[in-house]
Amino acid sequence: MTAEIAVAAAVGVAVAALVASELRARRARAAVCKTAASVGFVLLAVLRADLSRPYDRWLVIALVLSLVGDVLLALPHALPAGLAAFLLAHLAFIAAFSALTQLGAWPRPVLAGLAVASLIAAAWLWPHVGRLRPAVLAYVAVITVMAWGAIAAAGRTGRISGAAGILFYLSDLAVARDRFVVRRFASRAWGLPAYYAAQVMFALTLGGPKA
């Protein structure tokens, strides 16, 4: 437990340093801080996970793929590869939530609400994404299902996964605005802490009773 607290605290420090680096436009330092924070949530997951459980295995895979996506997005000209990594990460999240709660039991009204929000987001992004439109639309669809699954699984994760799924969803809107619409520090100022809070929260769902 002490190691887990230390790792979670280290993620918080790295995220604070990341936001400060973004504010000062220190790209190299920001990349280092981002990688450190992402390694931190993977390490936290590994410390907590019981890999004999399907949920834990899939969630660790999802977090590792998220780390890969974070590293790729910090590199120049690697946006398509980064999107692909996160697309795979969301598929792994969906598999994890399906291991807790069967897809047929996921609440349809929640999907309807998320679908409306995602259609609005897709229409907002459409004029700005150019040749990446197919990839962005696929990504929007998959993250919508991921957030739906996170909410559906909340009853099995102490409600943490639902909050984490919404935070992840909202953080991706910040990334989309920053990458495709208008590059502003404000998007990173709240989007980055929301993203890392979501990943730490997902990690904290590991190792608990899943029966």
Side-chain angles (χ1 to χ4, degrees), residues 15 38 41-42 45 54-70 73 82-126 129 132-181 187-188 190-206 208 210:
V15 172
S38 300
F41 66 62
V42 170
Y55 173 78
D56 290 37
R57 289 198 301 271
W58 279 114
L59 200 76
V60 169
I61 290 169
L63 292 174
V64 170
L65 286 167
S66 296
L67 164 62
V68 172
D70 287 331
L73 290 180
L83 283 176
F86 273 108
L87 185 67
L88 293 173
H90 288 310
L91 291 172
F93 278 119
I94 291 166
F97 302 136
S98 298
L100 287 187
T101 305
Q102 291 185 349
L103 182 60
W106 293 10
R108 298 295 190 274
V110 171
L111 176 60
L114 288 169
V116 170
S118 294
L119 286 172
I120 293 170
W124 168 57
L125 290 172
W126 188 261
V129 295
L132 288 175
R133 282 173 178 170
V136 169
L137 289 178
Y139 188 89
V140 169
V142 171
I143 194 173
T144 300
V145 177
M146 184 283 295
W148 180 31
I151 294 168
R156 305 289 299 279
T157 63
R159 307 295 174 186
I160 299 175
S161 68
I166 293 301
L167 280 174
F168 203 156
Y169 183 94
L170 293 174
S171 73
D172 269 1
L173 292 180
V175 172
R177 180 177 186 269
D178 194 52
R179 289 274 177 171
F180 299 120
V181 181
S187 298
R188 280 160 274 153
W190 71 266
L192 287 168
Y195 168 74
Y196 282 100
Q199 300 292 51
V200 168
M201 290 166 72
F202 278 137
L204 291 176
T205 68
L206 293 165
K210 304 294 190 292

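As the structure is a computational prediction, the values presented were derived from the model and not from experiment. For the numbers below, each heavy atom of this structure counts, side chains included, while hydrogens, waters and symmetry mates do not. The residues of the chain are indexed from 1 along the displayed sequence.
The two residues Pro107 and Ala152 have their closest heavy-atom pair at CD-CB, 3.7 Å. Of all the heavy atoms in Ser187 and Ala174, the pair that sits closest is O-CB, 3.5 Å. In plain terms, the two heavy atoms of Ala92 and Leu65 that are nearest each other are CB-CD1, 4.4 Å. Residues Ala154 and Gly162 come closest through the heavy atom pair CB-N, 4.0 Å. Closest approach of Ala198 to Ala164, counting heavy atoms only: CB-O, 3.3 Å. A pairwise comparison of heavy atoms in Ala150 and Gly165 identifies CB-CA, 3.8 Å as the closest pair.
Trp148 places no side-chain N or O within donor-acceptor distance of the main-chain N or O of Ala112, the cut-off being under 3.5 Å. Side-chain N or O atoms of Ser118 include none that pairs as donor or acceptor with a backbone N or O of Ala115 at under 3.5 Å. Between the side chain of Arg108 and the main chain of Trp106, a donor-acceptor pair closer than 3.5 Å is present.
Residue pairs meeting the side-chain hydrogen bond (donor to acceptor under 3.5 Å, both in side chains) criterion with at least one member in residues 83-104, sequence neighbours excluded: His90-Tyr139.
Looking at Val142 and Phe86, their side chains never come closer than 4.5 Å, going by heavy atoms from C-beta outward. Taking the side chain as every heavy atom from C-beta outward, Phe202 and Leu59 approach each other to under 4.5 Å. Put simply, the side chain of Leu173 reaches to within 4.5 Å of the side chain of Leu170, judged on heavy atoms. Considering only heavy atoms from C-beta on, Phe93 comes within 4.5 Å of Leu63 through its side chain.
Between Tyr55 and Phe97, the ring planes lie tilted relative to each other; the angle falls in the 30° to 60° range. Using a 30° and 60° split on the angle between ring planes, Tyr195 and Phe41 fall in the perpendicular class, above 60°.
Distance check, rounded to the nearest 0.5 Å: CG of Leu88 to CG of Leu83 gives 11.0 Å. In this structure, the separation between CG on Leu167 and OH on Tyr196 is 14.5 Å, given to the nearest 0.5 Å. Atoms CG and CH2, on Asp56 and Trp58 in that order, are 13.5 Å from each other to the nearest 0.5 Å. To the nearest 0.5 Å, the span separating CG on Leu91 from CE on Met146 amounts to 11.0 Å. With rounding to the nearest 0.5 Å, the separation of CZ in Arg179 from CG in Asp172 is 11.5 Å.
Counted by atom type alone, Ser38 and Asp70 present one or more donor-acceptor pairs between their side chains at under 3.5 Å. In the model, Thr205 has no side-chain atom that pairs as donor or acceptor with a side-chain atom of Thr157 under 3.5 Å. Side-chain N/O atoms of Thr144 and Tyr169 include no donor and acceptor closer than 3.5 Å.
Residues passing the side-chain hydrogen bond (donor to acceptor under 3.5 Å, both in side chains) test with Ser66, sequence neighbours excluded: Gln199.
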Between Arg133 and Val136, is a side-chain contact (heavy atoms from CB on, under 4.5 Å) present by the stated rule, with each step listed?
-> CA-CA 5 Å; Arg133 282 173 178 170; Val136 169; 5.8 Å; no

